[in-house]
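The residues of the chain are indexed from 1 along the displayed sequence. For ligands, and for the atoms within them, numbers begin at 1 and follow the listed sequence.
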Amino acid sequence: MNQPQPGSQTAPLSAEVARPVFIECDNLVKIYKVADLEVVALQGLDLLVREGEMMALVGPSGSGKSTLMNILGGLDFPTAGRVRVGDYNLLELTRRDQVRYRRFMVGFVWQQTARNLLPYLTALENVELPMALAGLPARERRARAADLLERVGLADRMKHRPDRLSGGEQQRVAIAVAMANRPRLLLADEPTGEVDNQSAEQIFHTLRALNADFNVTIIIVTHDMTVSTRVDRVVGMRDGRTSTEILRRREGDIAVHEEEYAILDRAGRLQLPEAYIEALDLEDRVRLHLYEDHIGVWPEHAHRNGDREGQE
Ligand code: ADP
């Protein structure tokens, strides 16, 4: 990774901190009940996302990514904990607030292209539909839909139905649909999962441009490491919790510096990366020592007498 040059124009990582917190998940728990079984999909998840961030959520299958996205999208409710998006407390949404939240606050792009678009409507009509449901006058919605389709690079495909568009183009129409009512949050669940590399690149560029133009906060669930290297922040999930974070500083589309962090939750718990646990054969208990400016962690039986004081 290139190191930033002296005098370069990039903002320091700490500039992120100045933006207001937009999403706040605090000890979020989601339990699914299936017959007599309980599945704990989220077990005390903590996450802060700042206004205008573009972040990726990664993690093994079953780690709770979709569950979190569904909760943030107002499609499902948590079992316990706290979750706030803007002024909405998602634990206490009235039916009316839920409709308003889903219509104006959040847009969704799904992996399955067919789920995003109505097959018998043109691209333009698909983008207009959410605005029609929101009661926007016809002229205004036509103009806004055309503008959005231009922004996603499909000015010449407006009159096409989905079956005449490539998978990547359909996903870009879906992004325009998701942005139709100017949401403050855009959620994309594996948006590049079913398209080739070049289309994935275009989808990524489109999301980045919308993020810059509208300051819309974007969360992308992805396995695609090329996408996750091109967002501001990658949050790793494991067992229903956030476990690691990579923060990036960028110049335009190019990441110029990155740092990896583990997440310390409010109860003081820290999840060590699997690779570290394996490298030192850590099990059950570890020894901790507090130094002036850092903490050392040792396998339980190693160096009991502080014979490595000052090292780790
Ligand atoms: P990911 O998106 O990371 O693959 P999910 O959020 O889909 O993870 O799933 C997390 C856990 O919750 C898994 O164990 C999954 O089987 C379970 N789960 C997800 N949705 C449901 C559901 N509707 N009913 C029962 N269990 C579910």
Visitor: Using distance only, find each side-chain donor-acceptor pair of residues 66-77 under 3.5 Å and give its atom names and separation, not counting sequence neighbours.
Guide:
unit_1	atom_1	unit_2	atom_2	d
T67	OG1	Y32	OH	3.3
N70	ND2	S66	O	3.4
D76	OD1	K30	NZ	3.2

Visitor: Please determine whether a side-chain nitrogen of the Lys or Arg among E169 and R157 lies less than 4.0 Å from a carboxylate oxygen of the Asp or Glu.
Guide: yes
Visitor: For the pair R141 (side chain) and L136 (backbone), establish whether a donor and an acceptor sit closer than 3.5 Å, ignoring hydrogens and angles.
Guide: yes
Visitor: Less than 4.0 Å between a side-chain N and a carboxylate O, is that true for E125 and R161?
Guide: no
Visitor: Please report the shortest heavy-atom distance between Q198 and D196, naming the atom on each side.
Guide: N-OD1, 3.1 Å
Visitor: Show me, by chain and number, every protein residue that has a heavy-atom distance under 4.0 Å to ligand 1.
Guide: Y32, V34, V39, A41, P60, S61, G62, S63, G64, K65, S66, T67
Visitor: Once you round to the nearest 0.5 Å, how far does CZ of F22 lie from CG of L48?
Guide: 13.0 Å
